[in-house]
Amino acid sequence: MSHFNLSMVLNLKEVLTAVSKAQLTDHQAWRGRLVIWLGAAAVGLITVVFVRLSDLAIRLFFALQAIAWWVPLVVTPLGGMLIAAITTKWFAGAKGSGIPQTIAAVQEQEAMVSPLISLKLALGKILLGASALAVGFSSGREGPAVQIGASVLHSFRRLVPEGFSVHPHHLIMAGGAAGIAAAFNTPLAGIVFAIEELGRKFEQKTNGVVITAIVLSGLVSISLQGNYTYFGSLAVGHVDRTILWPVLVCGLICGVLGGVFSRTLIEASLPMNDWPARLRKTHPLIWAGACGLVVALLGLVSHGAAHGSGYQYTQQMLSGGVKEAWQYAPIKYLATIFTYLSGVPGGIFAPSLSIGAGIGNDLLSVFGGTYSQAAICALCMAAFLAAVTQAPITSFIIVMEMIDGHLMVISLMAVALLSSIVARLFSPPLYAALAITANSGNPLLEHKEKKRASPF
């Protein structure tokens, strides 16, 4: 009997120990979740600040442009040189979009991440990204929001309790997706972006935390900016099976143009020996100023349409209130390429959507007025963005959420998939290719490669 009682006591002690450990683990889990949710809320708040600062910067530039026609010819080149100088000296990892750096950070070891994402780079991206818009470059805020969000949420890893089952790379992925969700006010697109572009895979034990962080960041954005669609609720008219013809035409044309656009950016990032590449390498400030001058000249001939994110012109084309000239799409196309070549921080998501809308506006007459301007522009927006990024699911969901275009969900999906397939004939996936370039500029990675190559 005493042996039986002793066994019961020992068993009871084991049970109580297990319960105590479970409670402790649950406490740590909740603490970890709260830390991540707090970080996601911070991403949403900071992204909203960046969005509003970017909008203010665009308004500031157009106010300067209104002073005299020649002002952009001075402000854009000199501003580009100053931004390039500051970026090169203090924020080298903040160049360009920010999405390639985030993808590279997800793929790298933790010790190699700091040159790609950090709070310092997030601050630089905010200030310099807004400054690039303030001096008239053709760029967007959504790509930078990805790097900003990834940097902010990744910084919260130090507060996560030990043993909590979330990898720092998942915080990078969640932060980047949360940033784009808050910038576009499209939480669903943020989730898909995390899966399709940043992570390529999810682990079962962490995907709930990641998705919750993205949604929470989107909710913070909605609470501060309102539950709005990016371009407003638009009437796309009757959509039936006859839209197959516009889907084919828009998908093929945007697939070719987007593939060439993507290939141009990739080729420009590779080391070359021609004179533009040598000038860019040896005199980066002069190069940035020259690119700024080209953007300013494009803005001059387009009455300012080459500058900024293109939001205003895209909204006007979608609403059908303004018939933009056919030159808008090629001018915005070139302005965005030269903005990227200059090396200033800035994204290509919004300009790509604007270029797509311009292409749709030019193709409107081809379809004989059967479909509304909003419908054709929306198709080309999804198609061109999908061709440039080769992320078709993210592209059609972004456009669907941005215009409240649920009636067009099948046609948007089809045109995005078609254009993405066509673009692959001309270019590899843009951000994956640029991520390799971003890693090649990582000083820690270069040090590691040199050490690996050294016989000593």
Side-chain angles (χ1 to χ4, degrees), residues 96-97 99-100 103-104 107 140 143 189 192-193 195-198 200 243-272 274 276-277 326 328-341 347-363 366-367 376-400 408 410-438 440:
S97 165
I99 295 177
I103 294 175
Q107 297 170 348
V192 175
F193 179 75
I195 299 171
E196 187 178 34
E197 194 63 69
L198 294 181
R200 303 288 178 180
I243 203 171
L244 178 62
W245 168 241
V247 166
L248 289 173
V249 173
C250 295
L252 290 172
I253 292 177
C254 290
V256 172
L257 295 176
V260 172
F261 182 92
S262 177
R263 185 59 177 262
T264 302
L265 299 189
I266 292 172
E267 292 290 339
S269 302
L270 299 176
M272 296 182 182
D274 53 8
W326 67 268
Y328 177 79
I331 283 175
K332 194 65 178 174
Y333 191 101
L334 292 173
T336 305
I337 287 176
F338 278 98
T339 294
Y340 175 82
L341 293 176
I348 61 172
F349 257 75
S352 294
L353 291 169
S354 186
I355 294 167
I359 296 171
N361 183 72
D362 292 340
L363 291 176
V366 174
F367 307 113
I376 301 302
C377 287
L379 285 176
C380 287
M381 287 166 65
F384 190 80
L385 183 61
V388 171
T389 64
Q390 291 189 33
I393 302 176
T394 300
S395 299
F396 91 78
I397 289 178
I398 280 180
V399 174
M400 182 188 69
M408 296 185 63
I410 301 300
S411 54
L412 289 173
M413 184 187 303
V415 78
L417 290 171
L418 175 60
S419 65
S420 180
I421 292 171
V422 173
R424 290 176 191 173
L425 300 175
F426 300 89
S427 174
L430 174 64
Y431 291 127
L434 294 182
I436 298 173
T437 305
S440 68

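Contact record, Pro351 with Thr336: CB-OG1, 3.4 Å, taken as the closest heavy-atom pair. Across Ser269 and Leu434, no two heavy atoms sit closer than the pair OG-CD2, 3.3 Å. In this structure, Ala357 and Cys377 approach most closely via the heavy-atom pair O-SG, 3.4 Å. A pairwise comparison of heavy atoms in Ala386 and Ser419 identifies CB-OG, 3.6 Å as the closest pair. What you find for Ser420 and Pro392 is that their closest heavy atoms are OG-CD, 3.8 Å. In this structure, Ile103 and Ala435 approach most closely via the heavy-atom pair CG2-CB, 3.8 Å.
We find the OG-NZ distance between Ser352 and Lys332 to be 10.0 Å, quoted to the nearest 0.5 Å. With rounding to the nearest 0.5 angstrom, the CG atom of Leu417 is 7.0 Å from the CD1 atom of Ile393. Distance CG/Leu334 to OG1/Thr339: 10.5 Å, rounded to 0.5 Å. Here the CG atom belonging to Leu385 is positioned 12.5 Å from the SG atom belonging to Cys380, to the nearest 0.5 angstrom. To the nearest 0.5 Å, atoms CD (Gln390) and CD1 (Ile421) are separated by 10.0 Å. Rounding to the nearest 0.5 Å gives a distance of 11.0 Å between CD1 of Ile266 and OH of Tyr431.
Under the 4.5 Å side-chain criterion, counting only non-hydrogen atoms from C-beta, Leu265 is in contact with Ile348. Within the 4.5 Å cutoff, no side-chain heavy atoms of Tyr328 are placed close to those of Asn361.
Under the side-chain contact (heavy atoms from CB on, under 4.5 Å) rule, Phe193 has a single partner from Ile398, Thr394, Ile397, which is Thr394.
Phe396 is linked by a ring pair (Phe, Tyr, Trp, His ring centres under 6.0 Å) to nothing, counting only residues two or more places apart in sequence or in another chain. For Arg263, the salt bridge (Lys or Arg N to Asp or Glu O under 4.0 Å) criterion is met by Glu267, not counting sequence neighbours.
Put simply, the side chain of Ser354 never gets that close to the backbone of Ala350: no donor and acceptor are under 3.5 Å apart.
Between the side chains of Thr264 and Tyr340, no donor-acceptor pair is found at a separation under 3.5 Å.
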Which atom pairs, one a donor and one an acceptor, fall under 3.5 Å between side chains of residues 247-262 and the rest of the protein, sequence neighbours left out?
from: Ser262; atom 1: OG; to: Ser427; atom 2: OG; distance (Å): 3.1

